[in-house]
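First the structure, in the form of structure tokens, and then the observations on it.
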Amino acid sequence: MTLQVYNYLTRQKEPFKPQERKRVNMYVCGPTVYDHAHLGHVKLYVAMDVVVRYLRYCGCTVRYVQNITDVGHLLDSGEDRILKGARRERVEPMELVETYSASYFRDMDALGVVRPNISPRASCHIPEQIEWVKTLLEKGFAYEVNGNVYFSVEKFAEYGKLSGRRIEDLEPGARVEVREEKRHPADFALWKRAEAEHILQWPSPWGWGYPGWHIECSVMATKYLGETFDIHGGGLENIFPHNECEIAQAEAATGKTFANYWLLTGSLTIDGVKMSKSLGNYLSIQDALRLYSPYAIRAFILSAHYRGPLDYSREAMEAAEQGVRRLHNTVRAVRSRLKSASPQATADLSYIADLDPYRDAFIAAMDDDFNTPQAIAALHDFARAVNKMLDSQQIASGGTLATIDGMFRDLGGKVLGIIPDDLEPPGVGQELLGGLMEIILDLRQQYRLEQKWQEADALRERLLEMGIVVEDRTEGPSWRLEL
RNA sequence: GGCGACGUAGCCAAGUGGUAAGGCAGGGGUCUGCAAAACCCUUAUGCGUCGGUUCGAAUCCGACCGUCGCCUCCA
């Protein structure tokens, strides 16, 4: 494998070498489930999805862990996001968590995002987190004040190594008021004392309370992936303080490197501003799926490199939709030709040999830090070559067509997830529909032979109104459902 | 104030020293009864601005301008 990845720890591209050959352990910071996910979240999860898919395509066994934050993630006001959501909807906190976890998975499924192997919840790992805090206290990296336990950043010499910040550079209280009881303004909470009205609380050696936001990731990542694992992914905007704190807690406790490679993604913006819940400039995934196909949404996100920012606009999404449609048209044509191709015909070896450069270009792009824009470009170049061959009326053998289809399935399907295995929408009555369409198209051909253009066109128009596109190709009429 | 990212055609966006990928949109053409699809040609003497290094810079260096993110709990 010659995969190169940009590692935020070293700020450069490095050859990717998992600890164990062909086995990759990977962790990505997951959602806080207090509301529906929106397109902004999708950029991270689709990008990481493609990382996982590509590693698997390269033959690696990937254990992908992505947490579900259901406790301890506070708002600027100091209010727990989960509790605020629960109050808003007048439900139990854990009821809210169930609702939005389900919503999150439903959205990700709809977008073809492969599920993590493990989706651990913070609230299910309270004992482990308490143990971890105890360890940090014993080792002298933490201190307790009034039922709160803080991590002492001055005790951890490497604090800031990921984000490139120095403690002296931080402006205390820039956003959140500094708590007097902290020894250093930059110290962060490992465990927080819960007031009586705080519903989510657990007993601990320091009284009733709940874990700080950062500790869950350190604890759950190491629990399922080992003290040192291969890849830690996340959004660039969380590099500080969240990711930095994860490293500090983990490495202070274990004395070992936390994660070897840090892959961080740029934000999705809209009109140049980050799409976020708090700004209200977001598009929910459900709404986005009403406007665009899941393949277009993925293609849009993958049209920019994962590390950079990407600006959402109606125009850009339409462009992605059209681009993906072009690829689907080619794949549909190949599969349709494949049905009538003779299966025992020998493969056109010279043409298959010509396929290699396209696959190589795709692989080279992906090997270069998952350069999906270039990989998609390679797919488009490939589609053009295939279209040319189909147009030229060369008799392609079943073997050649199957190889081409296989490439689209592998590269566009398995790796990028922008080409489905079945282009026609699933559902009952497919055979009935096929039979009916055959009758209608036969009738229309009869009109055309008789040069009754008005009747033929009217038929096509009415079918189009129902979402059935009819195209008269040189090899005969074809139809497809367009949603 | 500090740290960081970004600025490439009408739009989205690759390219990080060798003379500007790809997609969308636009224009022209081929094919077609028409349409669609597809294919061909075409669209940045130019990569925020100004300097510098170099035989050669979108790519390296410096300054400046602009946009955005983060600075203790927003993916």
Side-chain angles (χ1 to χ4, degrees), chain A residues 28-32 37-38 40-45 48 69 72-76 78 81 151 153 160 163-166 168-176 178-179 182 185-189 192 212-214 233-242 244-245 265-269 272-279 299-300 303-305 307-327 329-330 332-333 361 365 371-381 383-384 387-388 390-392 448 451 453 456-457 460-461 464 469-474 478:
Chain A
V28 169
C29 291
T32 301
H38 58 73
H41 301 105
V42 171
K43 183 163 186 296
L44 168 64
Y45 299 125
M48 290 300 134
T69 299
H73 196 178
L74 308 189
L75 292 157
D76 284 353
R81 291 185 145 76
F151 185 92
V153 295
S163 60
R165 297 191 195 216
R166 293 175 307 168
E168 314 87 76
D169 289 339
L170 303 178
E171 185 181 346
R175 198 162 65 80
V176 174
V178 178
R179 297 177 69 97
K182 287 187 188 177
D187 290 348
F188 56 91
K192 300 205 58 150
W213 176 43
H214 314 299
L236 197 45
E237 71 283 343
N238 272 336
I239 190 170
F240 190 89
H242 182 63
E244 199 66 69
C245 295
T265 65
S267 301
L268 182 76
T269 58
V273 184
K274 189 177 86 166
M275 184 179 278
S276 76
K277 202 93 215 172
S278 48
L279 292 172
F300 165 66
S303 75
H305 188 89
R307 272 191 283 120
L310 173 65
D311 200 56
Y312 169 87
S313 69
R314 184 96 202 195
E315 217 177 350
M317 276 298 318
E318 292 291 346
E321 188 81 74
Q322 288 303 116
V324 127
R325 184 169 303 175
R326 190 177 110 83
L327 292 176
N329 282 339
T330 302
R332 189 180 283 111
N371 193 327
T372 53
Q374 275 192 346
I376 292 174
L379 227 41
H380 275 286
D381 288 340
R384 173 170 296 112
N387 283 331
K388 253 193 239 188
L390 294 176
D391 274 4
S392 73
R448 295 182 71 211
Q451 302 202 351
W453 308 125
D457 288 351
R460 188 173 58 194
E461 281 301 312
L464 185 62
V469 180
V470 174
E471 291 169 359
D472 296 310
R473 298 159 181 272
T474 40
S478 81

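Any value given below was found using the heavy atoms of this structure, including those in side chains, with hydrogens, waters and symmetry copies removed. In what follows, chains carry the letters A, B, and so on, assigned in the order in which the sequence lines appear, proteins first and then strands, with residues in each chain numbered from 1. The model shown is predicted, which means the values in this text are computed figures rather than measured ones.
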Can you tell me how far C1' of B/A25 sits from CE of A/Met317, to the nearest Å? 16 Å
Could you check whether the side chain of A/Asn371 and the base of B/G15 have a donor-acceptor pair of N or O atoms closer than 3.5 Å, going by distance alone? no
For atom CG of A/Leu236 and atom P of B/G4, their distance in whole Å: 12 Å
Of B/C71, B/G22, B/G10, the nucleotide closest to the side chain of A/Glu315 is B/G10
Would you mind telling me which of B/G33, B/A14, B/C11 lies closest to the side-chain atoms of A/Ser313? B/C11
What's the CG-C1' distance between A/Leu390 and B/C39, to the nearest Å? 11 Å
Check every strand shown and say whether A/Asp457 touches a base, only sugar-phosphate, or nothing at a heavy-atom separation below 4.0 Å. base
Select one nucleotide: of B/C71, B/A14, B/A38, the one nearest the side-chain heavy atoms of A/Asp391. B/A38
So what does A/His214 hit on the nucleic acid, given a heavy-atom distance under 4.0 Å: a base, only sugar-phosphate, or nothing? nothing
Answer with base, sugar-phosphate or nothing: what part of the nucleic acid does A/Ala316 contact at a heavy-atom distance below 4.0 Å? sugar-phosphate
Touch class at under 4.0 angstrom, heavy-atom based, for A/Ser478 against every strand present: nothing
Donor-acceptor contact present, side-chain A/Lys182 to main-chain A/Asp187, <3.5 Å: yes
Do A/Arg81 and B/C74 share a donor-acceptor pair, side chain to base, under 3.5 Å? no
Quick check for you: among B/A38, B/C70, B/A36, whose closest atom lies nearest to any side-chain atom of A/Val469? B/A36
For the backbone of A/Gly160 and the side chain of A/Glu244, can you confirm whether one donor and one acceptor N or O come within less than 3.5 Å of each other? yes
Once you round it to whole Å, what is the distance between P of B/C39 and CG of A/Asp381? 11 Å
Pick the P atom in B/G62 and in B/C6, then give their distance to the nearest Å. 15 Å
Would you indicate which nucleotide in B/A38, B/U72, B/A14 comes nearest to any side-chain atom of A/Lys182? B/U72
A/Glu318 atom CD is separated from B/C12 atom P, nearest whole Å, by 15 Å
Starting at CD1 of A/Ile239 and ending at P of B/G4, how long is that distance when rounded to a whole Å? 11 Å
Find the partner of B/G4: check Watson-Crick (N1-N3 plus N6-O4 or O6-N4) and G-U wobble (N1-O2, O6-N3) distances, both under 3.5 Å, and reply none if neither fits. B/C68
Please pick, from B/G33, B/C12, B/A13, the nucleotide with the shortest atom-to-atom distance to any side-chain atom of A/Pro373. B/A13
B/C68 and B/U42, which share atom name C1', separated by this distance in whole Å: 36 Å
Could you check whether the rings of A/Phe188 and A/Phe151 sit parallel, tilted or perpendicular, using 30° and 60° as the cut-offs? parallel
Would you kindly say whether A/Arg332 and A/Asn329 are connected by a side-chain donor-acceptor distance under 3.5 Å? yes
Base-pairing assignment for B/A20 (Watson-Crick or G-U wobble, both under 3.5 Å): none
When rounded to the nearest Å, what value does the distance between P atoms of B/C41 and B/G23 take? 12 Å
Heavy atoms only, 4.0 Å cut-off, all strands: where does A/Thr32 land among base, sugar-phosphate and nothing? sugar-phosphate
Would you mind classifying the nucleic acid contact of A/Arg384 as base, sugar-phosphate or nothing, using non-hydrogen atoms under 4.0 angstrom? sugar-phosphate
Please confirm whether the shortest side-chain N or O distance from A/Asn387 to OP1 or OP2 of B/A37 is below 4.0 Å. no
On RNA chain B, check which nucleotide each of A/His41 and A/Asp472 is closest to and give me the residue with the more 5' one. A/Asp472
When rounded to the nearest Å, what value does the distance between P atoms of B/U16 and B/C50 take? 24 Å
Report the nucleotide, chosen from B/C40, B/G23, B/A13, that has the shortest atom-to-atom distance to any side-chain atom of A/His380. B/G23
Do NZ/NE/NH1/NH2 and the carboxylate oxygens of A/Asp391 and A/Lys388 come within less than 4.0 Å? no
Between B/C47 and B/U72, how many Å separate the two P atoms, rounded to a whole number? 39 Å
Determine the interplanar angle of the A/Tyr45 and A/His41 rings, folded into 0 to 90°, and report it as parallel if under 30°, tilted if 30 to 60°, perpendicular if over 60°. parallel
Please confirm whether any donor atom in the side chain of A/Arg473 sits under 3.5 Å from an acceptor in the base of B/A38, or the reverse. no
Say we look at B/U59 and B/G18: how far apart would their C1' atoms be, to the nearest angstrom? 11 Å
Any base atoms under 4.0 Å from A/Glu237, or only sugar-phosphate, or nothing? Heavy atoms, all strands. base
Would you indicate which nucleotide in B/C70, B/A37, B/C12 comes nearest to any side-chain atom of A/Phe240? B/C70
B/A57 - base-pair partner by Watson-Crick or wobble geometry, distances under 3.5 Å: none
Is the closest side-chain heavy-atom distance between A/Met317 and A/Gln322 below 4.5 Å? no
Please work out if A/Ala37 contacts a base, only the sugar-phosphate, or nothing of the nucleic acid, heavy-atom cut-off 4.0 Å. nothing
Is there, by distance only and without an angle test, a donor paired with an acceptor across the side chain of A/Arg307 and the base of B/C6 below 3.5 Å? no
Start at the 5' end of RNA chain B and walk down; is the nucleotide closest to A/Ala377 or to A/Met275 reached first? A/Ala377
Here the distance between atom C1' of B/G7 and atom NE2 of A/His305, to the nearest Å, is 17 Å
Given B/A13, B/C24, B/C6, identify the nucleotide with an atom nearest to the side chain of A/Pro309. B/C6
Can you tell me, in whole Å, how much space there is between the C1' of B/G26 and that of B/G51? 38 Å
Rounded to the Å, how far apart are A/Gln374 CD and B/A21 P? 12 Å
For B/U30, which nucleotide is its Watson-Crick or G-U wobble mate, given both distances must be under 3.5 Å? B/A38
Provide the distance between the two C1' atoms, one in B/C34 and one in B/A44, to the nearest whole Å. 37 Å
Touch class at under 4.0 angstrom, heavy-atom based, for A/Arg326 against every strand present: sugar-phosphate
A/Arg81 and A/Thr32: side chain donor to acceptor below 3.5 Å: no
Measuring to OP1 and OP2 of B/A25, would you say a side-chain N or O of A/Gln322 lies under 4.0 angstrom away? yes
Of the listed B/A38, B/G33, B/C24, the closest approach to the A/Trp453 side chain comes from B/G33
Base, sugar-phosphate alone, or nothing: which one does A/Leu310 contact when heavy atoms must sit under 4.0 Å apart? sugar-phosphate
Can you tell me if A/Thr269 uses its side chain to pair, donor with acceptor, with the backbone of A/Leu310 under 3.5 Å? yes
Name the nucleic acid region contacted by A/Ser303, choosing base, sugar-phosphate or nothing; use a 4.0 angstrom heavy-atom cut-off, strictly under. sugar-phosphate
With under 30° as parallel and over 60° as perpendicular, where do the rings of A/His214 and A/His242 fit, or are they tilted in between? tilted
